[in-house]
Amino acid sequence: MITFDIHIHTRRYSGCSFIDYEDIVGQAAAARLDGIAVTEHGMRWPDEEFGRLRKMAADRGIVVINGQEINTFNAANRSEGEFLVFGVHRSLTRACSATELIQTVHEEGGIVIAAHPYKLSRGGRSHYYGAGDLVYKLKLDGIELCHPDHSELAMKKVKKAMDELKIPGTGGSDAHKILNIGSCVTIFDNPVSDEVDFIKEIRAGRIRAEKR
Ligand SMILES: [Zn+2]
Ligand SMILES: [Zn+2]
């Protein structure tokens, strides 16, 4: 059983995070994770720098995946939710709709996971920081099930979407503070040693989510 926290922000590239990237490998090991993914807001770690992070992690037996978390907007400039993107080898900073984002990512061989789709915004009941019911109109590869800000009701809604859309649910801590790393995880049935395995296993749905 291979355990990953696939949703982590560091303050290297996410202004809102308190996590020093030098600390994430040690914390991942302490949380008994086999791997982690960095998913900074609106950008992907530059390859050379990420290579150093990956090496640092590999020395301790931890796999690191280079992802990103992208906000999307409709024509009226309202948010269509945030999405975790893996397998696209450039930063996807340009604002676009959720449908456009997914099309671009798929053309470039990557996968898209709806981040915290039913995390309530301060706006109240039917307003979300995520895609909400828009997930039913999208060609997603996965949907975040276990997230610290997902209530029981939110998880029920995600499970319904997983069933209807036949996509797997993931778990990620969305950590902005070091001790939160590993609070929600994605468990893989098969070994994952790099991005290729990571994407293949999620596409095949050979994963499950867990809150710890
Ligand atoms: Zn987010
Ligand atoms: Zn996030």
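Atoms within each ligand, like the ligands themselves, are counted from 1 in listed order. By convention here, the first residue in the shown sequence is residue 1.
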**Q** Decide yes or no for Ile207 and Phe4: does some side-chain heavy atom of the first lie under 4.5 Å from some side-chain heavy atom of the second?
**A** no
**Q** Could you pull out every donor-acceptor pair under 3.5 Å between side chains of residues 160-169 and any protein atom, sequence neighbours left out?
**A**
none

**Q** Centroid-to-centroid, His116 to His150, below 6.0 Å?
**A** no
**Q** When you check the space around the Zn ion (ligand 1), which protein N, O or S atoms turn up under 2.8 Å?
**A** Glu69 OE2, Glu82 OE1, His116 NE2
**Q** Less than 3.5 Å apart, any donor N or O on the side chain of His9 or Asp174 sitting next to an acceptor on the other?
**A** yes
**Q** Using side-chain heavy atoms (C-beta onward) and a distance below 4.5 Å, is Leu138 in contact with Thr99?
**A** yes
**Q** Any donor-acceptor pair under 3.5 Å linking the side-chain atoms of Asn74 with those of Glu80?
**A** no
**Q** Could you tell me whether any N, O or S atom belonging to His176 is less than 2.8 Å from the Zn ion (ligand 2)?
**A** no
